[in-house]
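One structure is given below, encoded as structure tokens.
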There are 2 protein chains.
Amino acid sequence: MNSQVTSLDVARLAGVSQSAVSRVFSGASASAATAQKVRRAAAELGYRPNPWARAMITGRSGIIGLVVAYFDNPFYPVALELLSRALKAEGYRILVFTVGNSPAEIESVMDELTAYRVDGIITASVAMTNDLTDRCAQAGIPIVLFNRGQDGVGLSSVTSANDAGARQVARFLVAGGHQRIAHVAGWQQSSTGRDRLLGFEAGLAEAGTAPVAVIDGLYDRDAARAATLAMMDTATPPDAIFVGNDHMAFAVMDTLRHELGLSVPGDVSVVGFDDVPMAAWPAYDLTTVRQPVRRMVDSTVETLVAQIAEPDRAPQSIRIDAALVLRGSARCPEGWTE
Amino acid sequence: MNSQVTSLDVARLAGVSQSAVSRVFSGASASAATAQKVRRAAAELGYRPNPWARAMITGRSGIIGLVVAYFDNPFYPVALELLSRALKAEGYRILVFTVGNSPAEIESVMDELTAYRVDGIITASVAMTNDLTDRCAQAGIPIVLFNRGQDGVGLSSVTSANDAGARQVARFLVAGGHQRIAHVAGWQQSSTGRDRLLGFEAGLAEAGTAPVAVIDGLYDRDAARAATLAMMDTATPPDAIFVGNDHMAFAVMDTLRHELGLSVPGDVSVVGFDDVPMAAWPAYDLTTVRQPVRRMVDSTVETLVAQIAEPDRAPQSIRIDAALVLRGSARCPEGWTE
DNA sequence: CCCTTACTTGCAAGCGTATGCAAGTTTGCC
DNA sequence: GGCAAACTTGCATACGCTTGCAAGTAAGGG
């Protein structure tokens with residue numbers, strides 16, 4: 001039963017004081033001789049410093065709180081995995097909170113996070129209300145929003161270039177000769193959903209056109225399916241649909257192909273956003289905008305770590321380039337290279 | 001900056017002793033008058049007990065360590081979400097460790113977990129070597145293996161009835177009149193992979209037959225694709241393939257359809273295992289064995305909580321029934337009802 | 001060789017909470 | 001009204017660790 005080995009036990013065995021043991025394990029200076037005695041004794045007893053006791057004094061727990069709302073979107077599991085690895089490399093662990101997107105629930109989680117005095121917070125796919133933003137800033141815990149922007153100033157965030165990516169999709173679809181372009185939008189309560197819609201509309205406007213239909217798909221499969229059915233059930237149904245994320249795009253494709261008997265891209269072109277792994281699977285072969293998860297994760301961790309080290313640092317909004325990935329779900333303009 | 005409010009501050013404001021505050025928040029008895037004064041003061045100051053200080057004394061951190069290996073298999077994100085909710089209901093948080101499946105890496109994570117003195121550990125999709133098992137038992141931290149069994153005794157585990165499920169698949173495929181039945185197996189280093197293989201072979205043996213081919217797909221998409229190609233590249237290719245999990249089954253279907261130009265189930269029937277959400281999507285419409293995630297999660301949490309409450313309780317191996325879900329990826333025998 | 005400077009090391013004081021103990025207060029019952 | 005029992009409450013200590021401080025020791029320079 002080695003779970004109760006304390007630094008004092010090690011000290012006794014090594015014949016030094018308890019503070020010597022502490023110094024060896026906390027990286028403070030100690031003579032080579034002492035260090036060796038301590039390490040030897042510690043190894044023998046299976047000693048590891050108690051992180052909670054350490055946290056109480058230093059005020060740093062080595063724990064990052066991660067708040068996640070959607071796990072059905074396969075974008076987030078891979079983000080979680082990458083975040084976990086990247087933070088581990090920096091010496092942090094992840095305390096996970098899954099949460100619905102109701103303000104009350106988010107607030108209660110934030111409460112808990114401040115109680116736990118985590119060293120930092122990352123929220124993924126969580127919309128922050130403004131008062132929550134304030135409370136976080138007030139609690140003084142560094143926080144970075146992953147894949148969500150924040151209106152006004154306040155918190156750091158890392159997103160991809162949602163508007164530019166969507167704009168590129170617009171150009172691409174126009175260049176492909178599509179006449180009636182529609183958009184199953186991402187959840188309009190989220191910045192990603194709004195930015196993609198705005199960028200898309202702007203891109204179409206540049207070409208002197210506009211979407212024939214825009215329906216909020218709420219980042220939900222069922223809603224996306226319903227949106228698709230509604231769009232197609234008109235006199236002049238769209239011949240191209242830009243979908244607010246891949247997860248919904250799969251639903252759109254399924255609906256077009258298996259419920260309406262249409263061909264993609266023969267009858268309707270479909271373009272998504274995210275480039276989750278599944279998008280490359282031959283069953284969908286989805287043309288989509290790639291969010292560079294790895295770079296987004298790296299930036300997130302980097303920003304958070306910097307903010308922990310230097311609490312007064314101004315919040316940053318980082319935006320990672322996102323590029324269109326050409327696959328088979330959308331008609332491709334002749335000679336399109338990008 | 002309310003992050004440094006202590007029980008002493010609350011005590012002063014409320015005009016009571018620090019221990020009174022502690023008692024109110026730890027549920028010990030206190031008079032109604034005191035409780036009210038304390039709560040009022042606490043609310044005013046925004047006080048929340050410091051979980052780490054509490055953990056130091058009580059020895060319980062309220063944190064469960066979750067060790068996960070595969071996140072590319074969509075079975076685990078949903079399990080994580082459900083686990084998170086179920087544990088939250090019991091008052092626990094989840095500290096996540098993602099890990100490769102190398103023994104060294106697992107060992108280092110276990111080390112960390114014992115250092116953190118988590119109240120319990122859940123491993124998902126992690127194979128435990130026997131010496132690791134011992135070390136965990138010795139550390140005295142309750143642990144439950146989720147979706148992995150354990151040879152010999154030692155640790156509690158929750159799995160579905162992998163062998164029975166696979167046996168049922170065998171009967172189903174035989175009854176469907178398939179003549180050459182193959183198996184892209186789950187990773188043979190994992191209990192689930194082995195149990196499903198054994199159950200499947202046993203089921204076929206009952207019918208007086210045997211698989212025409214068995215290849216380990218390692219729970220990996222690429223390996224499953226390669227296995228499929230190898231199986232089909234023979235004089236008498238299989239007319240049915242049972243795949244060790246859904247995630248690989250999608251790869252098998254993609255390979256059959258898009259690389260080999262075959263029809264599923266026309267030319268080859270495919271059956272998976274897990275029933276991840278995607279299996280129900282029309283693009284795959286996968287006949288598969290449903291692992292009742294929710295019930296598995298509930299059992300896992302229940303077992304873990306029981307073991308925390310009563311440390312000397314004997315480890316249990318819980319096995320949840322798994323039933324075949326009929327969809328469109330496999331030819332269905334006339335009048336098959338189950 | 002002595003004095004200054006730089007390191008090591010042990011001592012002791014906390015970090016914020018829970019809890020045994022004793023003193024004080026209320027309640028209940030005859 | 002008085003006494004025992006039940007309940008509250010404050011005091012003080014402990015949990016395992018880090019860190020300022022002072023004393024002790026090694027190194028360095030004239």
Side-chain angles (χ1 to χ4, degrees), chain A residues 1-39 41-42 45-63 91 112 114-119 139-140, chain B residues 1-39 41-42 45-63 91 112 114-119 139-140:
Chain A
M1 185 68 99
N2 60 8
S3 58
Q4 289 299 3
V5 185
T6 120
S7 59
L8 199 58
D9 299 326
V10 177
R12 276 195 279 259
L13 180 58
V16 298
S17 77
Q18 180 269 331
S19 35
V21 177
S22 168
R23 278 191 255 265
V24 169
F25 277 89
S26 56
S29 61
S31 74
T34 315
Q36 178 166 354
K37 278 191 295 186
V38 168
R39 289 191 195 291
L45 297 176
Y47 167 78
R48 304 245 350 211
N50 182 326
W52 314 125
R54 175 176 286 186
M56 273 195 57
I57 300 183
T58 62
R60 342 187 78 223
S61 56
I63 290 186
E112 247 182 299
T114 59
Y116 268 96
R117 285 160 174 75
V118 292
D119 293 343
Chain B
M1 185 68 98
N2 59 8
S3 58
Q4 289 298 3
V5 184
T6 105
S7 58
L8 199 57
D9 299 327
V10 176
R12 276 195 280 259
L13 180 58
V16 298
S17 75
Q18 179 270 328
S19 34
V21 177
S22 168
R23 278 192 254 265
V24 169
F25 277 90
S26 56
S29 60
S31 74
T34 315
Q36 177 167 353
K37 278 190 295 185
V38 168
R39 290 192 194 290
L45 296 176
Y47 168 78
R48 302 247 349 212
N50 182 324
W52 294 320
R54 176 177 282 186
M56 272 192 56
I57 300 184
T58 62
R60 344 187 78 222
S61 55
I63 289 185
E112 244 180 301
T114 59
Y116 268 95
R117 284 160 176 74
V118 292
D119 293 343

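To find a chain, count down the sequence lines: A is the first, B the second, and so on, and within it residues start at 1.
- Pairs of residues two or more places apart, or lying in two chains, never qualify as ring-ring contact (aromatic ring centres under 6.0 Å, His included) while including a residue from residues 5-24 of chain B.
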Donor-acceptor contacts under 3.5 Å from residues 11-22 of chain A side chains, at least two apart:
| from | atom 1 | to | atom 2 | distance (Å) |
| --- | --- | --- | --- | --- |
| A/Arg12 | NH2 | A/Asp9 | OD1 | 3.4 |
| A/Ser17 | OG | A/Ser19 | N | 3.4 |
| A/Ser17 | OG | A/Ser19 | OG | 3.0 |
| A/Ser17 | OG | A/Ala20 | N | 3.2 |
| A/Gln18 | NE2 | A/Ser7 | OG | 3.1 |

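- Contacts classified as salt bridge (Lys or Arg N to Asp or Glu O under 4.0 Å) and involving residues 52-62 of chain A (residues at least two apart or in different chains) are not found.
- Sorted by first and then second residue, the salt bridge (Lys or Arg N to Asp or Glu O under 4.0 Å) pairs with a member in residues 15-31 of chain B form an empty list; sequence neighbours excluded.
- Within residues 31-38 of chain B, the residues that have a heavy atom under 4.0 Å from DNA chain D are, in order of number, B/Ser31, B/Thr34.
- Shown here for B/Ala115 and A/Pro51, the closest heavy-atom pair between the two residues is O-CD, 3.1 Å.
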field: Heavy-atom protein contacts under 4.0 Å, nucleotides 11-20 of chain D, coded B base, S sugar-phosphate only, - none
entry: BB-BBBBBBB
Using the 3.5 Å cut-off, write out each protein N or O paired with an N or O of nucleotides 24-26 of chain D and the distance between them.
none

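- With sequence neighbours left out, the salt bridge (charged side-chain N to carboxylate O under 4.0 Å, His left out) criterion links A/Arg48 to B/Asp111.
- Residues that satisfy the side-chain hydrogen bond (donor to acceptor under 3.5 Å, both in side chains) test with A/Thr34, not counting sequence neighbours, are A/Ser31.
- The side-chain hydrogen bond (donor to acceptor under 3.5 Å, both in side chains) search around A/Thr58 returns none, not counting sequence neighbours.
- Legend: residues meeting side chain to side chain contact (heavy atoms under 4.5 Å, CB included) with A/Ala53, ordered by chain and number and at least two apart, are A/Asn50, B/Met56.
- Take B/Trp52 and apply the ring pair (Phe, Tyr, Trp, His ring centres under 6.0 Å) test, not counting sequence neighbours, and it matches A/Trp52.
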